[in-house]
Structures are given as structure tokens and as C-alpha cells.
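Encoded as C-alpha cells, the structure appears first; notes follow it.
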Amino acid sequence: MDLTLSDEQRLLRESADRFVAETFDPEHRKKAANDPLGYSPAIWKQFAELGWLALPISEAHGGLGGGAIEIGLLMEAFGRGLVSEPFLSTVVIGAALVAECGTEAQKQATLPKIAEGALTLAFAHSERAARFDLGYVDTTAGKTADGWRLNGSKIAVLDGAAADQIIVSARIANANGASGKQGLFLVPAGTPGLTLRDYARLGGGRGCNLDLKDVQLPADALLGDGTDALPAIETVVDRAMAALGAEAVGIMQTLLDTTLEYTKIRKQFGRPLSANQVIRHRLADVAMQVDEARSMALRAALMANAEPGARGRAASGAKAKIGKCARFVAEQAVQLHGAMGVTEELDIGAYFKRLLAFDTLFGNSAHHYRRHAALSGRAHA
Amino acid sequence: MDLTLSDEQRLLRESADRFVAETFDPEHRKKAANDPLGYSPAIWKQFAELGWLALPISEAHGGLGGGAIEIGLLMEAFGRGLVSEPFLSTVVIGAALVAECGTEAQKQATLPKIAEGALTLAFAHSERAARFDLGYVDTTAGKTADGWRLNGSKIAVLDGAAADQIIVSARIANANGASGKQGLFLVPAGTPGLTLRDYARLGGGRGCNLDLKDVQLPADALLGDGTDALPAIETVVDRAMAALGAEAVGIMQTLLDTTLEYTKIRKQFGRPLSANQVIRHRLADVAMQVDEARSMALRAALMANAEPGARGRAASGAKAKIGKCARFVAEQAVQLHGAMGVTEELDIGAYFKRLLAFDTLFGNSAHHYRRHAALSGRAHA
Amino acid sequence: MDLTFSAEERAFEQEVRDFIAGSLTPEMKRATALTPSVFSDPDIGMAWQRALHKKGWGAPGWPVEHGGPDWTPAQRWIFEAECARAGVPNVNVMGVKMVGPVIIGFGSPEQQNFYLPRILSGEDYWCQGYSEPGSGSDLASLKTRAVRDGDDYIINGTKIWTTHAHHANRMFALVRTNDGERQQDGISFILIDMKTPGITTRPILTIGGDHEVNQVFFDDVRVPVANRVGEEGKGWTYGKYLLEFERGSGIASAKLREALKTISDLAGSDVTGRAIEDPDIAIRMSEAEVDIDALEMTELRVLSALQTGQNPGAVSSLIKLRVSEIRQAVTRLGVDVIGQDGLAVEPARPFYRLNHEPAIPEELLPVVPEYLNGRAYTIFGGSSEIQRDIIAKMVLGL
Amino acid sequence: MDLTFSAEERAFEQEVRDFIAGSLTPEMKRATALTPSVFSDPDIGMAWQRALHKKGWGAPGWPVEHGGPDWTPAQRWIFEAECARAGVPNVNVMGVKMVGPVIIGFGSPEQQNFYLPRILSGEDYWCQGYSEPGSGSDLASLKTRAVRDGDDYIINGTKIWTTHAHHANRMFALVRTNDGERQQDGISFILIDMKTPGITTRPILTIGGDHEVNQVFFDDVRVPVANRVGEEGKGWTYGKYLLEFERGSGIASAKLREALKTISDLAGSDVTGRAIEDPDIAIRMSEAEVDIDALEMTELRVLSALQTGQNPGAVSSLIKLRVSEIRQAVTRLGVDVIGQDGLAVEPARPFYRLNHEPAIPEELLPVVPEYLNGRAYTIFGGSSEIQRDIIAKMVLGL
């Protein structure tokens, strides 16, 4: 039982905090917001040089073999700076899906490249009719003479337009044509039949919706051997939620710090806002919720390798609780900034929106309380 | 569109307010709490003399033909005084069930007696396994040579021990022995096979659990002709919830008034509690919720004769919303009274408990939001 | 006591419905639905104002001698409810509901004759110059100064959060003409032609990405003294009158019910993966609906009191708080209903005249901006914190 | 970073389990489950204290030279968690966790030699004389006065909310020995034999119907000066030390988890009509469980900091607030789980020794009284309002 950071972890945190503080200022964010790519390839290169892209990849595949705690340290720093580089998509999700499902050849072909910053990935899984159900996929993969043919539509593909390859989930048709288990397919950008509707993502970065119309892929586009991919998807998404939780904690801490500062300086009726007991108590509640969120993100990271039930409960619990805290913290930060809070003049708005996006991603708070209840055997939840 | 009181209604309110203020003081309540009957027959007689027991009974049966608004005016006054006389059980529910389901002979036999204060009723319907589902009844009524035989168990029978007759719901066995629709049976107190476990009721008055073991009844104990009683039960319970809502409003208003007074007088750190902005805002919220509850109780009363769907939505909406407001108002009244609030030294505790009982009776807030959603066609609620 | 309307009122209701059916174009309706704001763009809003004016309904709250329709409170209720149900555009409230009543109450006959018809007809478009940087909730501390110079005032200073200043040709403003003992005493109420030299506006984008509010700068702006309403130094009184007038006039429940219905329809459709099947969504819809029911009854209680000539009393001051909270709950529900499609930001405006296909279905576009912009409900017009201060003091006597 | 315990710690865990299995009688367990209070009746609580003392575990937080077991923070965690899981009675915290540490920190060797063994053995039962009518959250304004008379103090005044004063044979109290410039300066910390002439107690029934707290009156009560702990006028400092000591010592998450499990088991049983099938109940159970998870992690972070010799810092002051809120949520859940059976009031005490059959199943009896009595969690020991004042000032520097 030791919740203190190792020396390596402390160093990682310090370097991440420093790099983010020096690089991701409001000026930079404004530029990134207008960039069609949504992030800076030059900075991505620096991430690679700092070893961050190699962090969770196994040493056998050119990585550093780090875990959820290290990812969390980086993500929290990224949250503080509203970093929009596709770290989650490429490293936390993409690389992990390849590591979980891929054949050794597929791992060798992708993971070292990711580690050195030469390959970006995106994950196209959600569909509109699925809402937040990871098990619901209508996109189909039909076997052809020399490979696969994919048809369907995906939404909420993070960083899709910037990805060199998109990992697309599809239901593999059975011999009798009925749809069967899920498979994951590596689809290179620009493959014919692939249509992206790219958009600026709430809170920074890009996203897209994706149409697949008779997308032809070679046989080895399928990750692994055709085992149902859903358990691996659940594993990776549980860990991604832990990472997102840490990012949210960084955002919330920044909102708390900024709001504390603002209420001390801003005067109304001849005295600082922070002289109002109602505002003091509100800020006490905000601080308390930031602390609770921090505990839950840490817990989800520490449970990232537990058995699926415990891991899922920790991940859903964290996502649900942090989502609830995030709403409160974000809404109060805006409220306490008054009229300035509801503009794009201050950074507050950008942080607010990133937290809103956080709550929606991979299922909102209500969804994850329900999943938590179901995983806890409360059957009718 | 007129929401002002008629002259008669104003008079009724004034006389009820006055009578309650003069009669139901803390001294009286302490006595009533130790009374095995739970209320005072002398006062019940006065209720009759004031015409209150005749209020909603039709003129053809010795009543005054009043409606839900008049009931609401009385109930709000009763709430202010924490009245524990069995008005709800006998008049609002009992008489209404007889009026809805009974044959003309049954009405003639009971309603005039109720109006003149010579008969008290109770309604035994809830069962432990039913929770809040009015449609769930396991108690059975089997046909015998000369009547009925009832078996089963009931809980939460309000004012059961003081009732001259108890209206018991039971499922009438079909010819093939399978259980069929619900029937209501008039069971005189003391009928062999009837076992009451009487208890002091949370917030005042008495209640009991009831066991029926081979209770033999004559053929005319069944109210009406054997039509399924569930729709009538729903009608009567919807109206009872409107009446309870009005009572809750009276309780909440009293808690607000008392708490306002207390926070002005009680000093801490050299100034009144009410000088604290946090407490001022809390009281503003309490006042707002009392006002919302008042609106909802009125709405449920105005919709008491609407078609079942609209009536049910208004009643469930009122029960749900007032229940939520009641919890907030009650908990804040105690909180703001500090240590004194969590004792039996002040009246606050009794009012608090009556609101807690209100929320539970006929289904709590969550149950009625769910019923509201279901009645609104939100199917999966 | 009863909730039903009389036969005459029912007939009036039908007249309103017929009018709307004949006047509300599909374009107006679509534009209103796709505008993530309580303010319609002027081309849409003023088209509707002209239709209303043609019918004689251009200013429902005004006295008949100034062009009001002489409605009972019940008629106003019916009118507002039907308009909400039909989804009509919003007219220029700063004209019809704000400066109009002040001019009627305190303006000179010349001012009345000049300005009121132009509001009715939609010829003038007004904005409100109240808040300043540093003087938001604490409005009386405002610093924009009007110095007398012959028959003119010379105005210097700045106003902020000025809704539609970039569309308006006129502004009514509170300016400091004197340093009274109390801050409130030196304030005057003045009408400003927005084309006067020395006025510049700077857009401020809202958190939802809309250009709705502005900062307005006054640099030696010369305004005739004749443009002052009422007495010099009494502007605070007129400004407060306006707020009171405004408070009694809105019927929010009908609009909230319509907003909820829009979200509810989305939740029932495939475009959101039938979000309504999520029990959290279904229950929260009932919670919001019940909250609207309670608000409606409170509004009806006020209406009924007005109808019978009584003073509705303190209850009306609770309404603003509830309305803003319920609005936020409804917009929040919208965000949860559209789920991950809410990630897509569409920066172009207006949504009803995009010249490209949006990334997500059109009807989903306003949902997140409405939630984001709606954070202002509990801030603008007196923050919820200020409202609770007021309720504690004025309603509860604390 | 990891959450697992070492092999030594696992072995200790097993030792604790074995001890509990061998010492906790079914009667103790049943009595604890049926007591709607955080305070066990003394016959139950002190039986457990004796068992602990026999094992050498009578005062886990004390230094080893005074009879403490010399545990690491992790061992204390394990001990508390196992005790919570097993549902052991509560010992006399006013003795072991409150006055004990003060006597250890500031008492004379004579006081230490006399009182500490009697706490460990369970021979003495202590109550706490802090609050007075009018001096609750504002404790420093207390008025009970101790006037020096030779080798005695003569005490006059009254204390209120005195838990188990009717069971206790000793009280530690804050009394005013001087009118200092600051209110805090004239307060002394004194140990009082409850059998001293002039002491009377009046029961105060809690809202849940329990006799737990009292008002205690002092009428010329003569107490030796030798019973004062530490210096005259320094009582406030000792009292604060006690509160800090107390704050770091509790591990609340394990008990909350157990309380939730009790409610959860009821919800899954026929005795509540399987309340768990109500989705509202199921979701709120998950909400409470997740809140407890968060609290547990926060407590573990504190533990881990203590373990490595660091100061856990401000986070510990947030814990009291969360614990009280979560406790209330869990007791509230209990009320909803038992539904209409909650209407039945059972006035007799204790529930585990009723001499009649209760109207509702025995295991449902404590549920409503626990909720009712639990309203005090956010009031006693510094109300939530006071806690937030403190957090704003001490944690946030406002």
C-alpha cells in the first residue's frame, strides 16, 4: 500500500508540467483552434523525443512499458494545458487496441512507429443508434475473395482526419450472412469508399463522422485472428476513461485555481467577490469535488489491470463521479466569473467545453452509474 | 380561468385555520401522541359539527358536495396543526371508495354516518411485496357458500385500530381458482381472523399492519358488483395524494415560518444566524420550494376530476415534486435549527417526521416521477 | 376556482391560432428553431414584428392609446402561449418591452410621438446600454458620463454585454450626469442614435460561438438633451420601473414547455439513437415537465391576481430564478439527449443559412450552443446570487 | 504506486480476523446492528473494550508506553476496516480517542497513571462537556465557570448535548476560569467525577427517539484543582489538539461501506419487497458506493502520506464534510428502501431487548431512527456551514 510517486514518476510529472506550461498558452490554443489538423506535428515530434509516445508500449515493441499511473500523470498535465495532440487516440487507445488484439506482425508494424511519432491512429467505433453501448455495432465487414468489405457509419471519431490509419469496428458476417462478433480493422487514410466529415471538437482538437461505403481491405486489415473484439474494446475503453479522468482532473484544478484568483480580485459593491459567504462555500464545494475526482481518477488507474468486473466498476465509477464533479466545477467556474465567463474572451470557456466533452465521451455520468450498478449485480439498473 | 377563492371557500379556510390554531397546540399534540387511539373523538365530533366530515360527500348522501379544492383548504390547515384525526382515512379515502364502488344500499348505509361523525373507516391495501404498486395485491377473497373468505397481509393501514370498518382490497378468485380482479371488502373491526399490529405513526396518528386469516364475510361485504376496483382505487388515491400535498404545504409553510423566526433570533458569533448570506440564500430556496409545492398541490386539486391520464400525471407530478420539496424544506429546517432541531424538544422534529411520512405514503418521489414518465408515454421509464 | 378559459377567451385563442397560421412562414419557423439564443436575428424577428403590427398586435403590453391591443391578462396569456407553441420568432424586446414602456411612462409627448410608432412598425431596432465593465450586478456604480454642453450632452465611457448593438440603430442608456450623494442619484436615462459619430462597437463572442453581445465605446458622443427621458438624475427610477414592468410581462412556462418538447421529440427519434429509452433521460424529462407545471401554476396565480385587480405580491420575484434554473436544466437535457454528436462544433452562423452540409444532422446544431449560451441565464439580468439576496431581503424580510 | 498490502500486513489482517471471530459474540453483533446510533450502549461497548484490552488493542492510537499496540498507519487501517466489516460495537470514544490523548499529551504523570489504565480496561466511562446552550458552533463563548477556592474549583453552569452523560462516571470539560481578553484565553480543561454532589443530568430525546444526549447542570460542584489538565487558561489549546487528533484517527469509509451493505442486503430481500428492483434505489446505491470509493481513496492518500512520514496536508479537513454527507445519503437510502414500513414507530429501547414483538420485522427497526438521528451528522462537531467556512479560509486561503 503505497500511493506516493516513485522517483521516475515524479520526474515524469515535473517534465510534463513544465513542458505543458511553457508550450500550451492561450496564444497557442487559438492557433490550434484554427488549424485544420487541430494540433501541431512539431509538438507531436517533441512528445516522441520526450518518450511520451513510447510510454505505455511494451519494451518488446520499442516502448517503455509504462502503465496507467504514468499515462495519468501525462494526461493530468495535458488537461491543465488543454493539449489537443492526438495522444489519447493514438497512444492510449490505438496502440492499446493493436497490443490487445493484433498479431505479432501487426504489432511490429505499428507499435514502434507510434513510439517514434511516425504513425497516428484513430478509433472509429461509436454509431448513432448505439448511444453509449460499446456492444452495439451495425457496421458490417463482409468477407471477399481477397479480404474484407466494410459498410456502415461511425460518429465521434476523435482525431480521425489527422490519423494515418483508422481502427474501425465492424460486425463480421457469419457464414450464413447473419452478423456475428465484432472485429477491428486497420483502415489507411484515403482508402476509397471512406468519407470523413471533419469537425472542430468541443473543447479543442478535431473529430469526425465517418461513412464507409464498400470499403475494400486486404485480409490482414483485421486485427488478430477474428476473436470477438468486444472484451478488448472494453478493456481499452476502461483504461481510456481512467486516462480521461486524469485529464479532467487537470482541467478542473485549473478552473479552481483560476476561479479562486478571479474571485479574490474582482470587486462588486466595493469588496471582492470572495468576501461573500455564498461564494466562499461554493468554492469549498468546488475544491472538495476536485479532490474527489482526483481520488477517483487515481483509483481507476490503480485498478486498470484488475479483473474485468472490478476494472469496469472502477472505470465506470470514476467516469460517472468525475463527470458529475466536472459538470459542477465547470458550471460554477463560469457562474463565478459572471458575464466574462460566458464569452470566448477568457480561457474559462475553453476549459468548460473540454469538460463538457469529457462527460459525453464514451458515455455520460448517468450511463456509467447504470453500468456500475449492472456490474455490481443490481440487475434491474 | 380564475384561481381566486370563492367567498364560501374563503370562509372555510378562515374557520379551519382558526379552529386548528386554537385547538392543535404542542400540548395537545403531546397528549395525542400518548393516546392509544391517536386522536380525540371529541374533536372528531366538532369536525362533524363544523360540516367538515360531510364536505366531499354528495348531497344525496347527507353531504355538502364539496370538491378537491375544499378538501385542500382543510388539509393545509390540518398540516399547520399536525392534526392526527382520521380525516384522510375516513373522509378522503374511505367515503370516496364507497362512493366510487358501492351499491346505493352501501352508500346509504355508510356515507350519512360518516358525514355525521358516527363511522370511521380505514383502507387496507398496501402489501409488503407490492412496494408502491397499487395493482399488486396478493390477499385473496374466496367465494364461500354464504359470502367471502379473506386471507392475506396488509401493511401501512392508516388509522386502522380506530376504524369501525376497514376496507380491504383482495383479489377475487376466478371460477378456476386463479386469482382475478381486485375487489374491496368492508370488514368490521373485531371480525374473527383479523389481527392488527397497531403502531404509533411517524409524524403523528396511528397505523397498523394487518393479518387476515380465514376472515369470513357476508356476501354484501363486497363493495359494488365485482367490477375490478383498481381504476377506482387509482382515482381515489390520486385525489388522496392531492389532499396530502395540501397538507404537506401547510407543514412546509409552518417550518418556513418557524425557521425564519428562529434564524432571526438565534445568535452565533455575536450576530443573528440570519446575517449569514449562506443561510439567507438557503431560506430563499426554502421559500421558493414551498411556493412550488403550493402550486403543485393546487394543480393536482384542480385536475382531480380530469380524465385518468391527465389526473394521474397531475397527481403523480404533485406527489413527486412536493415530496422532493418536502425533503429539502424539512432537512433544511432541522439543519438551520442546529442541535435543537434534532431533538424532540422542539416541534420542528414532529413536522419533519410528518413530511417524511408524507413522502413515503402511496409511493415516494422517485416512484411518482417514474409513474409520471410512464403516463407520459416515456415507455422505458 | 377553475383552470378553464371562457368562451370569449377560447374564441380569441382561435383568432391567435388563425393569425399565426396565416402569418408565420416556414422560413421564420425554421430560423427560430435553429437559433441557439433567445434573440432572433433582426431580419427574422422584425418580419414577425411587422406581421404583428399589421394585425394591431405590435405591442401587447402597451396602453391602447399608444397602439396596444387592450387585452385582458388572460388574453395576453393565451397570445404568449400560442406564440410559444407555434415557435414564432422573438421580436425586439429591448424596444417593445423595455424602452417602450419607459417612454410611455416618463417620455415627453414629442418623444412618444416620435419613437413609439417606430417601435411598433419595426422601423427602429433598440439595444440596451446598462452594464459596464466593472458594473454588472452592481449597476449603480456605472461610470459612463454625460456632460452638459449647451443643448447637448457629451458622452464618454463604455457599455458592455450590449445585446444586438451591432444590429440596433438606437440605444437607451443609463449615464452619469451628476455625482450624487448616493450613486443612484446622478444617473439619467438617455436615448442615443447609434449612428452618432464617436460610437464604436466591438463584438464579443459568447461561449456558444454566437455574436450576440458587444462592447460599445463612446468617445465624445454628442446627444441632444432633448433625448433625455424624464428628469435629469432620475434615470435610476425609470430603469427600475422597466425591470418591474418586464418582470410582470413575461410568461415563461409556455416557452419552456415548447423547448422541452423540442428536446423530447429529438429524444424519441433515431437521430439521437432514441435517447428516450435511457431511463435517466425519461425521468429528467418528467422532472423538467413537472417543474414547468409548477412554474405555470405560479404564473397563472399571478395572472389570476392581475385579472381580478389584485397585486400578485412577492411571488413574482421568485419567478426569474426558477425560470433560469429550469431553462438550464432543459438545455442540459438537450446535451445529454444528443450524446456524442454534441462533440461537433459548427462555427458558421446562422445555422439556417449554412452554405455547406453540417457534420451532424441540422436539428442537432443548436443544442450545445443553447446549453452553452444558456449559462448566462443565471448571470445576466441580475445573477442568481443577487436574486437570492433580493428574495431574502424583500420577500422574507431578512 | 499500488493498493496491495504486504505479506506482513496480510498476516496482521488475518490476526485481526481471528481475534474478532474469537471475541465478538452474536449478542454484541446483533446489538450493534440494532442500535440506531454511532454510540453503543455501554454494556455492549465496554464488553468489547475489555476484549480488546485483553488482546493489548485497547487503544490503537496511543503510544506504546501508555499501552498502545505500536501499529503502523497501515495496521490501523486494516484493524478499523476489519472491525467495520465484522460489525463490532463502538467503544467509549470519549475516553479512548478524546480525553486519553489529551491526558497523554498534557496530563501530569499522576493523571496519566490514574486515568489511562482505567480507560484501557473499560473501568471508566467518559463523557465530553463542551457545548452549552447558546455556545454550540461558537464554542469559545462558553459560560460555565470554575472559581478557585483553595485547592478546589467551584463549578457553576450547564453543559448540553452531552452524549452518554447518563452512563458516564467521568466528564472532561472546558470551563471558564478567567475572563481573558480573547474569549479563548480564559478556558481550562478539567476532569470531573460525575458522582460529585451538585451534578444533575436531564435527558434530551433525539429526533429518532433515542436517549443519547443530555443536559448536565453544575450547582456549586467542587472539583480538585489537581483535576485540571495542563495549565490554567490553556484549555482551548488542549481542546483543539483533541479535535485534530480525532480528525486524523478515524477511518470512515469502511464503516460507511458496511452501512451501505446492510441497506443493500435489505433491498435485495423480500422484507422490503425487493426494493433493489427499483432503478432509483439501484442507481443511488451505486452513487453512494462510488462516493465511498472516492472517500476511501482520499483516506488512503492520507494514510500513505502518514506511512511515509509526510504531512497529509489540508485534504484531511475535507473529510469530515464528505463523511457526514455520505452518511446521510446512506441513511436516506435506507428510508426509501423500507418504504411504507418506515411509518411504524417503535418507541421502546434498546431494539435488541424488546419485550414484545415489534410491528415490523426486527431488522427494519433501526432504519428510520438512524436517518433521523443522522441529521445530526451535519450539525454536531461543527456544522457543515462552519466546516465550509473553515475550508474556505484554511484550505483555499480566502
Side-chain angles (χ1 to χ4, degrees), chain A residues 1-6 9 67-69 72 256 260 263-264 272 274-275 277 279-289 291-303 306 313-314 316-318 320-322 324-325 365-366 368-381, chain D residues 1-6 9 72-74 77-78 264 267-268 274 276-287 289-305 307-308 310 314-315 317-319 321-322 325 384-385 387-398:
Chain A
M1 225 300 300
D2 178 12
L3 299 181
T4 52
L5 295 178
S6 69
Q9 288 168 338
I69 296 295
L256 170 59
L260 273 175
T263 57
K264 282 187 211 168
S274 65
Q277 192 189 28
I279 288 173
R280 300 165 71 82
H281 282 206
R282 197 85 57 78
L283 286 166
D285 284 330
V286 168
M288 201 152 54
Q289 297 210 17
D291 189 71
E292 286 189 279
R294 184 178 297 285
S295 281
M296 289 311 286
L298 179 58
R299 190 170 189 279
L302 288 164
M303 305 280 278
R313 294 174 69 226
S316 276
K321 174 80 183 174
I322 301 173
K324 200 162 79 167
C325 295
S365 207
H368 282 288
Y369 276 122
R370 211 152 53 236
R371 179 172 180 243
H372 184 278
L375 289 175
S376 307
R378 294 174 198 120
H380 287 256
Chain D
M1 273 200 176
D2 71 284
L3 274 175
T4 52
F5 287 111
S6 67
E9 287 160 350
T72 63
W77 175 278
I78 290 167
S264 181
R274 291 194 48 76
I276 194 72
E277 295 181 6
D278 175 343
D280 172 66
I281 299 283
I283 294 296
R284 282 165 61 202
M285 293 223 167
S286 275
E287 286 175 347
E289 190 178 333
V290 168
D291 283 351
I292 295 168
D293 288 342
L295 175 69
E296 184 188 70
M297 275 309 295
T298 303
E299 289 181 337
L300 281 168
R301 279 160 54 207
V302 171
L303 172 72
S304 180
Q307 189 97 317
T308 53
Q310 300 166 50
V315 75
S317 65
L318 301 167
I319 290 179
L321 202 48
R322 284 307 287 149
E325 290 172 347
S384 292
E385 288 79 11
Q387 297 298 333
R388 286 189 171 84
D389 281 342
I390 293 173
I391 292 169
K393 191 169 171 185
M394 309 302 272
V395 182
L396 303 180
L398 291 175

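Per chain, numbering begins at 1; letters A, B, ... match sequence-line order.
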Worksheet item: So, for A/Ser274 and A/Lys264, which heavy atoms are closest and what is the spacing to 0.1 Å?
Response: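 Looking at all heavy atoms of both residues, the closest pair is OG-CA, 3.7 Å.
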Worksheet entry | Shortest non-hydrogen contact between A/Gln9 and A/Thr4, atoms and distance |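 Closest heavy-atom pair between A/Gln9 and A/Thr4: OE1-O, 4.4 Å.
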Which answer fits [X], side chain, backbone, both or neither, if we ask what part of it has an atom under 4.5 Å from a heavy atom of chain D?
X        : result
A/Arg282 : neither
A/Ile69  : side chain
A/Ser6   : neither

Worksheet item: Between D/Glu325 and D/Arg388, is there a salt bridge with N-O shorter than 4.0 Å?
Response: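 Yes.
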Worksheet item: With chain A, which of D/Ser304, D/Ala74, D/Ser6 has the greatest number of heavy-atom pairs at distances under 4.5 Å?
Response: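 Going by pairs under 4.5 Å, I would pick D/Ser304.
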Practice prompt. Heavy-atom pairs under 4.5 Å with chain D are the metric here; pick the option from A/Lys324, A/Arg294, A/Met303, A/Arg280 that has the most.
Written response: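 Most heavy-atom pairs within the cutoff with chain D belong to A/Arg280.
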Item to complete: With a 4.5 Å cut-off on heavy-atom pairs, point out which of A/Thr263, A/Leu302, A/Leu256 contacts chain D the most.
Response: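 Among the listed options, the one with the most contacts to chain D is A/Leu302.
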Practice prompt. Output yes when a side-chain donor or acceptor of A/Arg299 lies under 3.5 Å from a complementary backbone atom of D/Met297, and no otherwise.
Written response: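 Pair absent, no side-chain N/O of A/Arg299 close to backbone of D/Met297.
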Worksheet item: Which residues satisfy the salt bridge (Lys or Arg N to Asp or Glu O under 4.0 Å) test with D/Glu296, sequence neighbours excluded?
Response: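 Salt bridge (Lys or Arg N to Asp or Glu O under 4.0 Å) check on D/Glu296 returns D/Arg257.
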Practice prompt. Please identify each residue that fulfils salt bridge (Lys or Arg N to Asp or Glu O under 4.0 Å) with D/Asp280, with sequence neighbours left out.
Written response: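 D/Asp280: salt bridge (Lys or Arg N to Asp or Glu O under 4.0 Å) contacts with D/Arg284.
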Worksheet item: Non-hydrogen atoms of chain A under 4.5 Å away: do they reach the side chain of D/Glu385, the backbone, both or neither?
Response: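 The answer is both parts of D/Glu385.
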